Amino acid sequence: MFKVLVSDPISDMGIQQLMDAQDISVDKKPGLSEDELVAIIGQYDALLVRSQTRVTERVMEAGKQLKVVGRAGVGVDNIDLEAATQRGIIVINAPDGNTITTCEHTFAMMMAVARHIPQAYLKTVGGVWDRKSFVGVELRNKVLGVLGMGRIGSEVAKRAKAFGMEIMGYDPFLTEERAEKMGIKLSSVEDIVRNADFMTVHTPLTPETRHMIGKAQFEIMKPGMRIVNCARGGIIDEYALVEAVDQGIVAGAAFDVFEVEPPTEDHPFLKHPKIIVTPHLGASTVEAQENVAIDVSEQVLHILRNEPFRNAVNMPPIPADVLNKLQPYFSLGERLGSFIAQLTEGAVEEITVSYSGDVADVDTQPLTRHIVKGILSHHLGSEQVNLVNSMHLAKQRGLNIVTQKSNAAKGFTNLLSVTLRTKKEERLVAGTLLNGYGARIVQIDKFPVDVAPEGNLILVSHNDKPGIIGRVGTLLGSNDVNIATMQVGRKIVGGAAIMVLTVDKGVPKNVLTDFAQLPDINNAKEIILF
Ligand SMILES: NC(=O)C1=CN([C@@H]2O[C@H](COP(=O)(O)OP(=O)(O)OC[C@H]3O[C@@H](n4cnc5c(N)ncnc54)[C@H](O)[C@@H]3O)[C@@H](O)[C@H]2O)C=CC1
Ligand SMILES: O=C(O)CCC(=O)C(=O)O
């Protein structure tokens with residue numbers, strides 16, 4: 001008999017199939033503290049949660065029999081994936097079941113902020129008949145900017161068209177063709193910020209999306225914009241937003257999510273007359289809660305019964321012989337993927353992975369998964385992309401993945417080379433494991449280099465002229481950025497060249513911009529590899 005613990009309020013109808021199963025017993029104990037959960041989790045084979053239960057490393061450690069954690073919803077930021085993977089605990093989610101519900105909540109919020117519904121309600125039930133203070137705006141003929149055109153963003157765009165809105169969309173995976181098919185204008189974040197009347201965000205929270213709308217964006221924003229966040233707290237800088245509302249740049253905002261949930265009593269949104277809020281209700285409909293619970297219960301049943309399952313968010317097993325050969329390259333592969341994703345501009349269309357050397361003798365799919373994970377994590381967030389789903393997510397986004405193999409290793413025992421083709425450009429990075437030196441990047445585009453793929457890197461593209469190194473050193477030094485290592489690569493004397501610097505800390509954005517002002521320097525890019 002398998003024991004399943006449900007530790008958040010999850011639809012009864014959704015978990016009915018678990019309760020009906022002869023080989024499963026279900027305990028429902030919502031609202032447990034971490035200590036209480038740690039005390040009892042040892043007896044369970046599966047744990048089902050929504051977003052309240054924090055499934056921490058302590059919980060995983062105490063879950064000696066735990067085989068699966070099921071998240072009835074999309075975001076798995078309340079689950080320690082690393083701790084689960086280390087212990088062989090499968091984490092699954094239900095990515096599709098609450099898409100429409102969250103999209104509809106976004107619309108409810110957008111209309112509520114356009115027509116001041118919550119404020120007007122409060123006054124009316126308070127006995128004041130005030131028809132003057134709440135003159136709203138129509139959605140029709142307004143421009144809606146959608147940041148994040150995944151499942152929810154795409155549904156929002158579809159519905160906004162029915163309201164007569166013009167849609168500008170931005171997503172690193174949105175191609176011109178798809179945008180055209182959807183009848184939306186493919187735009188940059190800046191275009192949207194400058195031109196939209198309404199803006200809604202539907203990205204995960206990643207280092208790249210954290211505060212993607214902040215002070216700099218509010219400074220150039222079209223005055224009178226209305227902003228909605230039903231995705232994740234932190235995508236929009238909360239304090240910069242309040243300032244922008246107070247300055248009259250933003251006419252109103254509607255937030256379902258907060259940087260810290262629940263927000264503290266003195267959070268500036270809570271008493272602001274132009275900001276309306278809901279307590280993370282995006283997925284809270286009867287239908288969505290049933291959908292996600294049914295989905296996740298079904299997969300938990302499969303996992304416990306050792307049957308094929310889908311929507312795993314972490315790692316599957318790999319045969320021992322393949323693992324022996326490939327494992328040393330996993331971390332390098334992921335870093336090459338992350339490197340090339342950060343380097344390349346434009347919507348990704350094709351990934352080409354070339355394996356040279358004896359690594360090409362085995363099934364390289366597990367290594368390709370690592371590379372693709374590195375690429376996709378940069379855009380989709382590491383919480384969502386993993387080794388089980390990286391290829392699936394790539395396919396879902398229409399990315400072509402080409403694998404090439406050759407036994408000739410071009411001077412190295414093994415060489416991994418990753419080429420990313422986008423609408424704008426094609427870039428290449430190659431790496432290897434050097435005996436005694438560990439992982440190295442040995443080629444960037446056409447340039448041979450020798451760089452450890454770790455930490456904070458700056459890639460400078462320049463002309464091969466005397467004095468460049470001095471200028472770069474002076475610029476970084478005067479901005480208190482210490483250079484740890486420096487590598488230059490060129491094909492011909494006096495031609496195009498690159499410089500790769502390892503620095504001790506992140507580089508302020510304005511310093512990167514300053515690089516391009518220096519003579520004979522074309523551009524500089526920061527690449528962060530963890
Ligand atoms: N309020 C709530 O209760 C709910 C919130 N959510 C949240 O909504 C968000 C979207 O969910 P889905 O649409 O299901 O996810 P999804 O994965 O289908 O879409 C996210 C999209 O964001 C894009 N993206 C990543 N980085 C970006 C960037 N820098 N700029 C623009 N786009 C970027 C990705 O390419 C992807 O297409 C997630 O954060 C999810 O956790 C989801 C369900 C309920
Ligand atoms: O379970 C919930 O209500 C939270 C939903 C959510 O934010 C998600 O699925 O990412």
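Residues take their numbers from the sequence shown, with the count starting at 1. Start at 1 and go down the list; that is how both ligands and their atoms are numbered. Below, all heavy atoms of this structure are taken into account, side chains as well, without hydrogens, waters or symmetry copies. Computed from a prediction, not measured in an experiment: that's the story for all the values here.
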Check ligand 1 against [X] and write out every atom of the ligand that is under 4.0 Å from a heavy-atom position of the residue.
X: A283; value: 3 (O), 44 (C)
X: N98; value: 43 (C)
X: F173; value: 35 (O)
X: E208; value: 29 (N)
X: P204; value: 20 (C), 22 (O), 25 (C), 39 (O)
X: C230; value: 1 (N), 2 (C), 4 (C), 5 (C)
X: H280; value: 1 (N), 2 (C), 3 (O)
X: Y170; value: 30 (N), 31 (C), 32 (N)

Between [X] and [Y] (salt bridge meaning N to carboxylate O under 4.0 Å), is one present in this structure?
X: D197; Y: R226; answer: no
X: K423; Y: E176; answer: no
X: E155; Y: K158; answer: yes
X: D191; Y: K185; answer: no

Do [X] side-chain atoms and [Y] backbone N/O form a donor-acceptor pair below 3.5 Å?
X: D295; Y: A94; result: no
X: R178; Y: M182; result: no
X: N291; Y: G97; result: yes
X: K373; Y: S390; result: no

(request) Would you indicate whether K525, at its atom NZ, is surrounded by more than 12 heavy atoms from other residues, nucleotides or ligands within a distance under 6.0 Å? (result)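 Yes, enclosed.
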(message) For Q119, is the CD atom crowded, meaning more than 12 foreign heavy atoms sit under 6.0 Å from it?
(response) yes
With heavy atoms under 4.0 Å as the rule, classify the contact between [X] and ligand 1 as side chain, backbone, both or neither.
X: H379; result: backbone
X: T209; result: side chain
X: D256; result: side chain
X: T203; result: both

(message) I'd like to check the ring pair (Phe, Tyr, Trp, His ring centres under 6.0 Å) partners of F107; sequence neighbours left out, ordered by chain and number.
(response)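 Only F163 meet the ring pair (Phe, Tyr, Trp, His ring centres under 6.0 Å) criterion with F107.
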(request) Report yes or no: does R397 have a heavy atom closer than 4.0 Å to ligand 1? (result)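 The answer is yes: ligand 1 sits under 4.0 Å from a heavy atom of R397.
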(request) Check whether any heavy atom of L380 sits under 4.0 Å from an atom of ligand 1. (result)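 Yes, L380 has heavy atoms under 4.0 Å from ligand 1.
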(request) Please indicate whether any nitrogen or oxygen in R151 is less than 3.5 Å from any nitrogen or oxygen in ligand 1. (result) yes
(request) Examine G153 against ligand 1 and note whether any of their N/O atoms are separated by less than 3.5 Å. (result)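 Checking ligand 1 against G153, no N or O pair falls under 3.5 Å apart.
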(message) Looking only at the side chains, is there a donor atom on one of E334 and S338 sitting less than 3.5 Å from an acceptor on the other?
(response) no
(message) Please state which option from D96, T101, D171, V76 has its nearest heavy atom closest to atom 35 (O) of ligand 1.
(response) D171
(request) State which residue, out of H267, R232, H211, fulfils the side chain to side chain donor-acceptor pair (under 3.5 Å) condition with E259. (result)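 For E259, the side chain to side chain donor-acceptor pair (under 3.5 Å) test succeeds with only one of H267, R232, H211, which is H211.
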Could you pull out the N/O contacts under 3.5 angstrom between ligand 2 and the surrounding protein atoms?
from, atom 1, to, atom 2, distance (Å)
ligand 2, 1 (O), R50, NE, 3.1
ligand 2, 1 (O), R71, NH1, 3.3
ligand 2, 3 (O), R50, NH2, 2.8
ligand 2, 7 (O), R232, NH1, 3.0
ligand 2, 7 (O), R232, NH2, 3.3
ligand 2, 7 (O), H280, NE2, 2.7
ligand 2, 9 (O), R71, NH2, 3.3
ligand 2, 9 (O), V74, N, 2.6
ligand 2, 9 (O), N98, ND2, 3.1
ligand 2, 10 (O), G75, N, 2.8
ligand 2, 10 (O), R232, NH2, 2.8

(message) Could you tell me if the side chain of D256 sits less than 4.5 Å from the side chain of H280, heavy atoms only?
(response)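 Result yes, sub-4.5 Å side-chain heavy-atom pair found.
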